[in-house]
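The structure appears below as structure tokens.
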Amino acid sequence: MKQISIILLSLFFANNLLAKSGNNENETFTNPVIYADVPDIDVIRVGNDYYMVSTTMHLMPGAPIMKSKDLVNWEIISYIFDEIKDSPLYDLEGGNVYGQGQWASSLRYHNNHFYVFFATNNPKKSYIYSTTDPAGKWEKIATFDGNYHDASLLFDDDNRVYLAFGGSHIRIKELNKDLKTFKDEGLDVEVIHGEPKGLLEGTHINKYNGKYYMFLIWWPQGGIRTQLCFRSDKIEGPYEMKEILSDDLGFPNHGVAQGCIVDAENGDWYGFLFQDHEAVGRTPVLMPCRWEDGWPMLGDEKGKVPKVMEKLVQGYPETPLVISDDFSSSRLALNWQWNHNPDNSLWSLTERPGFMRLKTGKVVETIFEARNTLSQRTEGPACSGIISLDVTHMKDGDVAGLGAFCAEPGLISVIMDNDKKFLVMTDRSEEKGRTELNQNTIYLRMDCDFNTDKANFFYSTDKKDWKKLGTEFKMIYNLKHFMGNRFAIYNYTTKSAGGYVDVDFFEYSRGVLVDK
């Protein structure tokens, strides 16, 4: 088979600005500002720091809080919760919550406290968490029955508190000041009655210069996702409407929409929205916001999102969202998340220092039922991940490896079958390549190209000479998982518990693959 090597390039498709992302060498950045799956974003400024919350659904810990100084480089500093225990489905018992866990969150700062509101879909619950230190522990202060869809908190100037939420028909309800319950006889009004026709959701409500502004995505039939703004002099309305952005950033039929606006210390304003970007997921996009006749108009003077912009603040280094890890720490890095709630008795960073040990537990049939699948995002335009896997202690029926995890995954796995070990590549659940493995340490690699949404899988016995296994894998994005493809490291059993594997490292790079 053809052997190839990774060559990291500073330019990737130099004639295509969209192929780059984030930081450039001349203190500019290229959109999408984060070329990875960070959807349903809400951003606030506190002093000269920016904070962002996003959606992670069935992944744990969930609802990441990120921090930035320049709106371009973002560091994960905490998660709102470690686990959700409202249903055994979160433990992959009796079913699952793929695409249904924590959804779009609202992040606010009021009276020296940070607040996050979010809803879950199975079971239908809504929550408010709070903290004085966004990098520390968040406390759950309220639970509500029901899913308040794409909800947004507003702390008004008179200290009254409101929640705007819904799909197409948007309501505003008033909360008590302790935020634990809705206020009896408080405001409860439908402010948007399903007009204009087409999907309306993704509510973000704010107050600027005495006026109330609601930002909603609109998906007209036959059109692209579009950003609308509604404004009123009164919280209860009536609201007038204006289209403030309709642009696809050169990615046809994929409108940039859903998000918020945020001001800088110097008085400039920015829009922070996201764009569906197929297999890599939903990617954040940063753009100028200019006020015209009291309306926050997004994009440049022509209403287009710039592909390249100057950074708001110069001099801050690039902060990686996806990282390499040698597992030398006794604590798992914040960049990692588990698929559903982990079984903490079946993984360890200390039993063999310098390794991530993954033990098998409940007998399952597929990776979708497996506890303790460890994952990180993939990134565009291209990326690669390598793991070193010690499979000495696998048992018959065990399956361990590296994959592109989504609703239709591609995997390269070590399978223990009748006391023999095999390397197997699967596309969805169909085997596409197999070879016998005659040693206990193996290197596995996955390369992703998000210009074509194709991935390829390789193995090596020495981390120098690589052999491709199986066929090229077509990555997809669909609503079953509602999430971009992720690197997944897994170990599960189809026969009996008790086996384990040790992962020495995960080595990550962004770049382009070139034949040796």
Side-chain angles (χ1 to χ4, degrees), residues 12-24 26-43 45 50 52 54 66 68 70-74 104 198-202 204 206 213-220 223-229 241-264 268-278 280-292 295-313 321 379-381 450-451 477 484:
F12 184 84
F13 295 143
N15 62 336
N16 184 350
L17 289 172
L18 262 183
K20 295 179 65 185
S21 159
N23 296 266
N24 300 330
N26 58 351
E27 292 296 345
T28 64
F29 70 89
T30 302
N31 274 312
V33 65
I34 304 175
Y35 207 151
D37 191 48
V38 184
D40 302 336
I41 48 182
D42 200 10
V43 178
R45 180 177 63 85
Y50 298 91
M52 175 166 61
S54 179
M66 303 184 190
S68 176
D70 59 6
L71 290 173
V72 174
N73 297 287
W74 293 89
L199 179 65
L200 283 170
E201 61 178 359
H204 291 253
N206 298 89
Y213 291 85
M214 280 196 300
F215 302 91
L216 294 167
I217 66 162
W218 176 42
W219 202 329
I224 64 172
R225 295 171 78 250
T226 299
Q227 191 69 36
L228 300 181
C229 180
M241 182 199 81
K242 191 174 185 65
E243 181 181 297
I244 60 172
L245 182 70
S246 181
D247 185 41
D248 61 17
L249 194 52
F251 192 30
N253 302 315
H254 292 68
V256 178
Q258 190 168 342
C260 59
I261 64 173
V262 62
D263 66 326
D268 291 341
W269 285 80
Y270 294 86
F272 218 127
L273 314 179
F274 72 82
Q275 181 179 38
D276 292 326
H277 229 285
E278 299 298 342
V280 77
R282 295 180 287 172
T283 59
V285 176
L286 180 62
M287 70 207 71
C289 172
R290 62 193 191 283
W291 289 89
E292 295 181 356
W295 291 100
M297 306 303 296
L298 299 180
D300 61 19
E301 299 299 326
K302 297 180 180 179
K304 299 294 183 182
V305 177
K307 293 181 180 179
V308 178
M309 288 176 56
E310 280 192 22
K311 292 181 186 178
L312 163 65
V313 183
L321 182 62
E379 292 181 300
F450 290 106
N451 292 280
Y477 181 98

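This one's a predicted model, so the numbers in the text were calculated from it and none came from an experiment.
- To the nearest 0.5 Å, the span separating CG on L312 from CG on L286 amounts to 8.5 Å.
- Salt bridge D248/R225: absent, no basic N to carboxylate O contact under 4.0 Å.
- The shortest side-chain heavy-atom distance between E278 and H254 falls under the 4.5 Å cut-off.
- Among residues two or more places apart in sequence or in another chain, the side-chain hydrogen bond (donor to acceptor under 3.5 Å, both in side chains) test is passed with E379 by Y508.
- Shown here are the side chain to side chain contact (heavy atoms under 4.5 Å, CB included) partners of E201, two or more places apart in sequence or in another chain: H149, D150, L199, I217.
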After noting the C-alpha distance and the side-chain angles of R290 and D300, does the key distance pass the salt bridge (Lys or Arg N to Asp or Glu O under 4.0 Å) rule?
-> CA-CA 8 Å; R290 62 193 191 283; D300 61 19; 5.9 Å; no

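- Taking E301 as the reference, nothing meets the side-chain hydrogen bond (donor to acceptor under 3.5 Å, both in side chains) condition, with sequence neighbours excluded.
- When the salt bridge (Lys or Arg N to Asp or Glu O under 4.0 Å) test is applied to D70, no partner is found at least two apart in sequence or on another chain.
- Among residues two or more places apart in sequence or in another chain, the side chain to side chain contact (heavy atoms under 4.5 Å, CB included) test is passed with R45 by Y50, V262, D263, E265.
- By the ring-ring contact (aromatic ring centres under 6.0 Å, His included) test, W295 pairs with no residue at all, sequence neighbours left out.
- Between I244 and F215 the shortest side-chain heavy-atom distance falls below 4.5 Å.
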Test side chain to side chain contact (heavy atoms under 4.5 Å, CB included) applied to F450 and H277, step by step | CA-CA 9 Å; F450 290 106; H277 229 285; over 6 Å; no

Side chain to side chain contact (heavy atoms under 4.5 Å, CB included) between V256 and M287: does it pass, once the steps are laid out?
-> CA-CA 10 Å; V256 178; M287 70 207 71; 3.9 Å; yes

Could you check L273 against L245 for side chain to side chain contact (heavy atoms under 4.5 Å, CB included), going step by step and ending with a plain yes or no?
-> CA-CA 10 Å; L273 314 179; L245 182 70; 3.6 Å; yes

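- Shown here are the side chain to side chain contact (heavy atoms under 4.5 Å, CB included) partners of D42, two or more places apart in sequence or in another chain: V53, S106, L107, R108, H204, C260.
- Without hydrogens or angle criteria, S68 side chain to N73 main chain gives a donor-acceptor distance under 3.5 Å.
- P381 places a side-chain heavy atom less than 4.5 Å from the side chain of Y35.
- By the ring-ring contact (aromatic ring centres under 6.0 Å, His included) test, Y213 is found to be paired with Y208, W291, residues two or more places apart in sequence or in another chain being considered.
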For side chain to side chain contact (heavy atoms under 4.5 Å, CB included), just list the numbers for W74 and L321, CA-CA rounded to whole Å, side-chain angles, deciding distance to a tenth of an Å, and then say yes or no.
-> CA-CA 7 Å; W74 293 89; L321 182 62; over 6 Å; no

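- By the ring-ring contact (aromatic ring centres under 6.0 Å, His included) test, W218 pairs with no residue at all, sequence neighbours left out.
- Contact annotation: the side chain of F274 never approaches that of S54 to less than 4.5 Å [non-hydrogen atoms, C-beta and beyond].
- Residues satisfying the side-chain hydrogen bond (donor to acceptor under 3.5 Å, both in side chains) criterion with K311, sequence neighbours excluded, are N23.
- Put simply, the side chain of Q275 does not reach to within 4.5 Å of the side chain of N31, judged on heavy atoms.
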